[in-house]
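Quantities reported herein were computed from a predicted structural model and do not represent experimental measurements. Indexing begins at 1, ligand by ligand and atom by atom, following the structure's order.
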Amino acid sequence: MPSMMMKSTRVTPAMRRTNVARRNVAVKANVADFADELLKTANHITSPGKGILAMDESNATCGKRLESVGVENTEENRRRYRELLVSTPNLGEHIGGAILFEETLYQSTKDGKPFVDVLNGAGVLPGIKVDKGLRPMCNSNGESWCMGLDGLAERCDEYYKQGARFAKWRSVISIPDGPSRKAMVDCAYGLARYAAICQNSGLVPIVEPEILLDGEHDIDRTFEVASQTWAETFKFLEDQDVLLDRILLKPSMVGPGADCPKRNTADEVAAATLRMLNSRVPPAVPGIMFLSGGLSELDSTLYLNAMNQSPNPWHVSFSYARALQNTVLKTWSGDDAKVAEAQEILFNRTKDNGMAQLGKFDAENTSVNSDGMFVRNYQY
Ligand code: 13P
């Protein structure tokens with residue numbers, strides 16, 4: 001019935017000008033002011049053969065990783081390790097953006113050059129993790145919710161001024177602990193509010209509802225939960241008037257749980273993941289930038305390569321942390337004499353995945369590490 005139809009609540013630039021004039025107040029810039037830039041940012045990150053270097057581990061997580069190779073978790077050691085990553089020669093050949101933790105966004109090389117300038121100089125756009133991490137969800141069977149909406153608009157404005165051009169918010173869905181309706185709705189609502197706020201501050205939001213690898217479930221169960229999660233996420237993105245052609249998605253690949261006895265081939269994982277994406281994600285979304293989630297360096301590249309064997313509507317690529325950094329970190333292990341060797345490994349990992357983005361990874365002639373990196377209840 002027409003009388004029951006909901007009116008669109010999207011605020012047009014004209015409505016905004018009228019509102020501002022009526023209230024006679026200065027308001028912050030909004031999404032209309034950033035429309036062109038958001039598109040430019042998304043296009044840059046989704047250039048052929050490119051992906052994202054995720055290096056946004058919180059201080060606690062980065063500390064655990066550093067301590068695993070015998071390096072103390074100090075601000076200076078985090079800075080030294082991140083300097084190695086951002087100053088890797090030719091990083092921009094296969095990397096369009098790097099996600100940073102807040103501390104890193106404001107850090108510089110030991111010679112005093114801001115990391116933001118180093119990245120921009122290499123053609124890599126700086127991004128920023130803006131969520132404040134996971135907390136236990138009450139009345140649940142051990143599920144989590146993601147904090148960080150309070151003050152987010154103000155923080156995003158500051159990050160933009162500091163040079164960030166895109167953002168990340170990671171919420172998680174656990175299959176063995178749920179997934180309950182309330183966890184799924186909270187995850188989708190948080191991501192949508194965050195995405196709308198980012199776009200109004202000039203940051204392209206990466207929307208990341210990670211389906212954790214934890215569990216004994218098979219690939220069909222992952223498919224079902226991933227399909228529900230993305231359906232819910234898009235409902236809320238629409239409610240928040242998020243511009244779908246100016247976001248990036250960061251899904252988990254659709255595979256079996258880490259403890260499922262039945263393992264699947266790369267082709268099966270790629271087919272299930274693409275079937276899920278095709279049924280849920282509008283072609284207007286420019287980029288699907290997968291997380292590695294505990295997959296081995298080799299599997300994350302093989303699965304991506306398998307997904308790019310035939311055309312699909314999006315740029316299907318990577319936004320890996322562990323699957324890009326693992327061997328790099330072990331090789332470096334805090335030793336300045338190993339920086340160049342570790343950087344070469346990083347460049348080769350970005351190249352392998354850049355080739356996989358094009359469907360041209362040479363799986364026959366690779367020495368990429370195939371050790372799994374799954375960690376139960378991984379925090380970020
Ligand atoms: P992993 O590739 O280690 O799962 O990292 C995911 C992530 O969200 C990093 O930004």
Checklist entry - Is it true that a side-chain atom of Asn77 and a backbone atom of Glu72 form a donor plus acceptor pair closer than 3.5 Å? => result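 The answer is yes, because a donor-acceptor pair under 3.5 Å joins these two groups.
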Atoms of ligand 1 less than 4.0 Å from [X] heavy atoms?
| X | result |
| --- | --- |
| Ala54 | 9 (C), 10 (O) |
| Tyr320 | 2 (O) |
| Lys168 | 7 (C), 8 (O), 9 (C), 10 (O) |
| Asp56 | 9 (C), 10 (O) |
| Ser292 | 1 (P), 2 (O), 3 (O), 4 (O) |
| Glu208 | 7 (C), 8 (O) |

Quick check: [X] and ligand 1, any N/O pair under 3.5 Å apart?
| X | result |
| --- | --- |
| Arg322 | yes |
| Gly293 | yes |
| Glu210 | no |
| Arg170 | no |
| Ser319 | no |
| Ala321 | yes |

Pairs under 3.5 angstrom only: tabulate donor-acceptor contacts from the side chains of residues 106-114 to other protein residues two or more places apart or in another chain.
residue	atom	partner	partner atom	Å
Thr109	OG1	Asp111	N	3.3
Thr109	OG1	Gly112	N	3.4
Thr109	OG1	Lys113	N	3.0

Cut-off 3.5 Å, side chains only: do Tyr189 and Gln240 have a donor facing an acceptor?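 Gln240 and Tyr189 do not have a side-chain donor-acceptor pair below 3.5 Å.
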Using only heavy-atom distances, determine whether the side chains of Arg349 and Thr301 contain a donor-acceptor pair under 3.5 Å.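 Yes.
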**Request:** Rounded to the nearest 0.5 Å, what's the gap from CD on Gln343 to CG on Leu84? Could you check?
**Result:**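 Reported value, rounded in 0.5 Å steps: 4.5 Å.
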| request: Please state whether Ala323 comes within less than 4.0 angstrom of ligand 1, counting heavy atoms only. | output: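 No; Ala323 lies far enough from ligand 1 that no heavy-atom distance drops under 4.0 Å.
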Are Glu67 and Lys64 within salt-bridge range, i.e. N to O under 4.0 Å?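 Answer for the salt bridge query: no.
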Check: Tyr160 ring centre within less than 6.0 Å of Phe34 ring centre: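 Yes, they do, as the ring centres are separated by less than 6.0 Å.
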ask   = Is NZ or CZ of Arg82 both nearer than 6.0 Å to the six-membered ring centre of Phe115 and within 45° of the ring axis?
value =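 Arg82 over Phe115 ring: no.
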* Apart from Trp145 itself, residues in the same hydrophobic cluster as defined by side-chain heavy atoms under 4.5 Å ->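 Other cluster members: Met137, Met147.
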